[in-house]
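In what follows, a structure is listed as structure tokens, so that the remarks can point back to it.
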Amino acid sequence: MHSHDNGRNKLRKLVAEAIPAQPQLPLVHNTDAYVFDEVLTSSQIEPQSCNVFAGETLIYTFYGRPSFRPNMSELATSMDHYLPVCLIFKQSFSKKIRRVFPFDTGAFVNDFYKSYLHRKMVLGDFALEPDLETPGRVISTFFGTARSYLQARPDSPVELDPSQFEARSYAALIDAKDSNAMDSRGSGIEVQIADAIAVADWVEAVIVPSTFADSAISKELNRLKIEILPYDVHGRMRPNEYFSSISDICIHYYAKKGILGEIEGKNA
Amino acid sequence: MPRLACTLPSTRGAVGFELPIFQAYRGANTDLLQEIAPDGTIRRFNPSWLSTQHAIRVHDLEVEVEKGEEAIWAFRDEEQRLVVGSRSDIIRYGLEALKRECLIGFPLAAAEMAAFCNAQRHFPDILRRAFEHLSAMSTNSAGSWLDTSILLPAIREDMAEHYGKRVTGARQLSQIIAVSKGNHITIYGPKHLVSQEIPLTRSLPLAEIFGINDVKYVSYNEAQPSPRELVWKVAGTGGMIQHALTGQPFQGVRDFNQVSNISEITAVGDSKIGIFQRPQLLVRVFGSDPEEVEYAKSRLVDGDHFRYRHVINIRPMGYGTPRASKVSSREVFKGLSHADVVWLAATHRLRQTGTPRNNLGPLHTASRTLTGALQALVTCIDAKGSVSPFFEQLKKTNSLGVVGTWRYNNNVTIEENLTRLVFNLLCEDVLLHKAKRIVVVWSFKKTPAPKTKEITLGNHRYEVEFLTPRNSSLGSTLVAFAIGVDLASGSSSDFKEFCVSLFAGYGWWQTLSSLSSAVMQQEHKSLRVFTCTATKDIPSLLEQHFGETFLILTNKTLPQGLRHERLTSDTKVIHYSELGRWLQIAFGGKILADHG
């Protein structure tokens, strides 16, 4: 057991009592264009050593949302993920889950959420039941609907018992508007996996730079029957709010598949 | 001046845009990235943490650029040559390349160049070719690209133009989603953005390239979070409740009642539907000003639908005789007797705590007491819906009680901690020893709560019961509720009893007692104490016992002639709230459990 696993169980209990929001969203794993090339070569996503849960090797995924880790500054945030690749797993994904947190643990240990949390709160206070129903329970408790979660816009203020310190802090965090909180570049529900994941078995679609669609990588993805969802490369460099984001592509994909009840892509 | 050092492609051998990476000078250790302002100029250069393992050096290409100048763009052409320049340079190159169909073998790169040049409408074939290229892989890929890379940015620009920046900030626009199928497209978004058709001057011509000419607007369904019901409500007036409820853990909400001209703060707790049959607990908190008491009375009547109704009255902050304008504890109890219990919070009046030695001023003491009491009351509601014996036993008893809190001190015994807690329940307005029960809400995990405990303070013994709620946030804070106390008569004997109990809080015990005085003792030290409830009696007492060692304790504001600039061991008359200070000066004494 890692030292970060120690904490209060109040949030875990609160979330565990909720009914999971439907539909269940796929897990999304983020990497960069170069690492993705290596992933395709090895056909596996390998767990990597982790500086948060030191001593462990983990694969970090996020529930439904292609979340990126907030970084040192506004610019660095986007540039660190200058050309991200987001792997969307199949909804039937059933690997063993190591841990679930309602937010990005890396951002937590780097104090990006500190203005919303009590200084005595530790990461373990936010650890949730490690199963695939937990993210849906977080959504029904704090966001209302899957679409609200995907767009990082809680539908209504959550009313929580005053004794639920962690839950109240989390509610404040997801309702925050600053860039280190949970906006489109912020964090989603983190799902950690400790075992390697075979790309061909579990990856259904990838969001990639549009240049990939013209390259040999597209042939390999086609061979693996993985959908290619391209985004404009130059849009990543332009400070233009009208450009669509990686999140838009994700949500659109879910809509087209009929995953989101509010956006009936199949019937649109 | 930063110079272009290399460019970072998206993948090996790719045709398309690359990220220019700069260095302050040739061979510099730090790479720099340009931050582009909305007008296309360089706002600043920032250090880059990107790996340049796959970057391509520009070698003899000399490009230097400064902050404020036009940003630099880099494009790798179909022959893997690098085209570098300002936006207008790249547009000039791009339009030429598109016209000459140089990028025909790279349909996505061509489409992206058309977007960069704002020339998509002029190159419909290029867009269609990219769409077909992706369609050959998968219809989902093509649909995603069309909707999110071509149409959605244009729709957002149309909306921004139509509604203006004020309505359509980045956060609003990011909620817009477009999904096309066949010849129609549906635009989803917040109601205020999709409630009417808007001119789609940019997006519709692009949509028409793909045979889309039917636009539908759909607002997101109203949120339907799982229904919840009210379980408890804490509301009140006055500065103290504002302080207690505004922050964690209550996060109360302020509201101004225009009819009563009173500002109120409210915090609520809820649960899933079906756990409780009706709202459980209403707690109203108010100070001792007449208008606050009247307001509490009227609002308590409105809370009939709550199963349990409690009120907490914060006694006046100052020391000495309360102002005539303040409502007495007796009047408060009389006026609010329809509450299950009227709780008095008066710990802050027991001792003057405004000095650096004690750190906590009376406001903080009162605030801590109130916050603790409210947390403890809310905690006593079982989250799973079981009936709370604590509240059930108090229901409709219309009793008077006192609340007090104490943060557990690990350095002293449990008895001393509890003695101090009982001390904090003392209030000159009530007879604590007449309490029918004293219940302590115990959340302290390190030491398990005893079943019961008998505590002696002054001349009285108190049987203390314990309640250990399941989900308490009180931690080491112990909260005591003395239930069913009697109102003090205001007589000198009642006050004397009160003073003996106060002394006990400092470790002094009564050894002798007469009608007018008591002899208090601590180890080998002893002191004769007179208690006085009438200011007029003080001069004669001083005269009668001139030359003796004694102390007069009063519950009245000291008359002008007896007020002291600072306490000394020779001071003969003090208000009871000064007892702690005086004992410390005269004997070095301290209050029980205050320090380890």
Side-chain angles (χ1 to χ4, degrees), chain A residues 10 18-19 33-34 37 73 75-76 79-80 82-83 118 140 144-145 147-148 151 153 155-156 159 161-163 165 168 177 184 205 209-215 217-218 222 227-234 237-245 248-249 251-253 255-256 262-263 265 268, chain B residues 10-11 13-17 19 33 35-38 46 48-50 54 106-109 112 115-116 134 137-138 140-141 143-145 147-149 152-153 156-157 160 170 173-175 177 179 181 186 188 220-221 223 225-226 228 248-251 267-270 375 378-379 471-473:
Chain A
K10 296 193 89 169
I19 297 162
Y34 296 105
D37 204 4
S73 70
L75 181 80
M79 286 298 116
D80 259 7
Y82 155 58
L83 293 175
H118 190 279
S140 60
T145 65
R147 197 265 306 162
S148 306
Q151 294 188 323
R153 275 157 191 84
D155 276 332
S156 56
E159 286 173 357
D161 188 281
S163 66
F165 295 115
R168 287 187 156 229
K177 307 288 188 286
S184 58
S210 63
T211 45
F212 279 35
D214 292 336
S215 74
I217 290 175
S218 69
N222 273 330
E227 304 263 22
I228 298 173
L229 309 175
Y231 64 82
D232 278 355
V233 173
H234 81 283
M237 293 178 249
R238 284 179 68 170
N240 189 332
E241 64 206 40
Y242 309 134
F243 269 84
S244 60
S245 68
D248 293 331
I249 298 172
I251 294 172
H252 181 274
Y253 179 73
K256 272 282 192 185
E262 289 175 291
I263 308 170
Chain B
S10 53
T11 182
V15 171
F17 285 91
L19 181 70
L33 294 175
E35 183 181 329
I36 305 174
N46 294 295
S48 163
W49 289 274
L50 290 172
H54 302 279
F106 304 91
L108 268 291
E112 192 166 339
F116 184 83
L134 288 169
M137 297 182 205
S138 130
N140 277 342
S141 296
S144 171
W145 175 79
D147 290 348
T148 61
S149 290
L152 185 58
R156 285 177 175 166
E157 282 193 60
L173 286 174
S174 68
Q175 292 186 71
I177 294 293
V179 182
K181 186 171 187 182
T186 309
Y188 296 89
Y220 294 129
N221 294 340
S226 46
R228 299 180 75 83
Q248 294 273 23
F250 289 101
Q251 308 281 21
V268 294
D270 62 9
Q375 280 183 253
V378 166
T379 290
N471 295 311
S472 169
S473 56

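Below, chain A is the first sequence line, B the second, and so on; all start at residue 1.
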For A:His234 and B:Phe116, take the angle between the two ring planes, folded into 0 to 90°, and tell me which bin it lands in: parallel under 30, tilted 30 to 60, perpendicular over 60. perpendicular
Would you please name every residue forming a side chain to side chain donor-acceptor pair (under 3.5 Å) with B:Ser141, sequence neighbours left out? B:Ser138
What option among A:Ala213, A:Ser215, A:Ala33 has the most heavy-atom pairs under 4.5 Å with chain B? A:Ala213
CD1 on A:Ile249 to CH2 on B:Trp145, rounded to 0.5 Å: 12.0 Å
Output the distance between atom CG (B:Asn140) and atom CG (A:Leu229), rounded to the nearest 0.5 Å. 7.5 Å
Using every non-hydrogen atom in the two residues, find where B:Val268 and A:Arg168 come nearest and quote the distance to one decimal. O-NH2, 4.2 Å
B:Asp147 side chain reached by A:Lys256 side chain, heavy atoms, under 4.5 Å: yes
Okay, A:Pro230 and chain B: the region with an atom under 4.5 Å from a heavy atom over there is both
Does a side-chain heavy-atom distance below 4.5 Å link A:Arg147 with B:Ile177? no
Is there a side-chain contact between B:Ser10 and A:Phe212, using heavy atoms and a 4.5 Å cut-off? yes
Please rank B:Pro107, B:Gly16, B:Ala14 by heavy-atom pairs under 4.5 Å with chain A and give me the top one. B:Pro107
Closest approach of A:Thr211 to B:Val15 (non-hydrogen atoms, all atoms of both residues): CG2-O, 3.2 Å
Counting only N and O atoms by type, is there a donor-acceptor contact under 3.5 Å from the side chain of B:Glu112 to the main-chain atoms of A:Ser210? no
Would you name the heavy atoms of B:Ser174 and A:Asp248 that are closest together and state the gap between them? O-OD1, 3.8 Å
For A:Ile19, which atoms come within 4.5 Å of any heavy atom of chain B: side chain, backbone, both, or neither? neither
Measuring from atom CD1 of A:Ile251 to atom OG1 of B:Thr148, what distance do you get when rounded to the nearest 0.5 angstrom? 11.0 Å
Region of B:Val378 that comes under 4.5 Å of a non-hydrogen atom in chain A: side chain
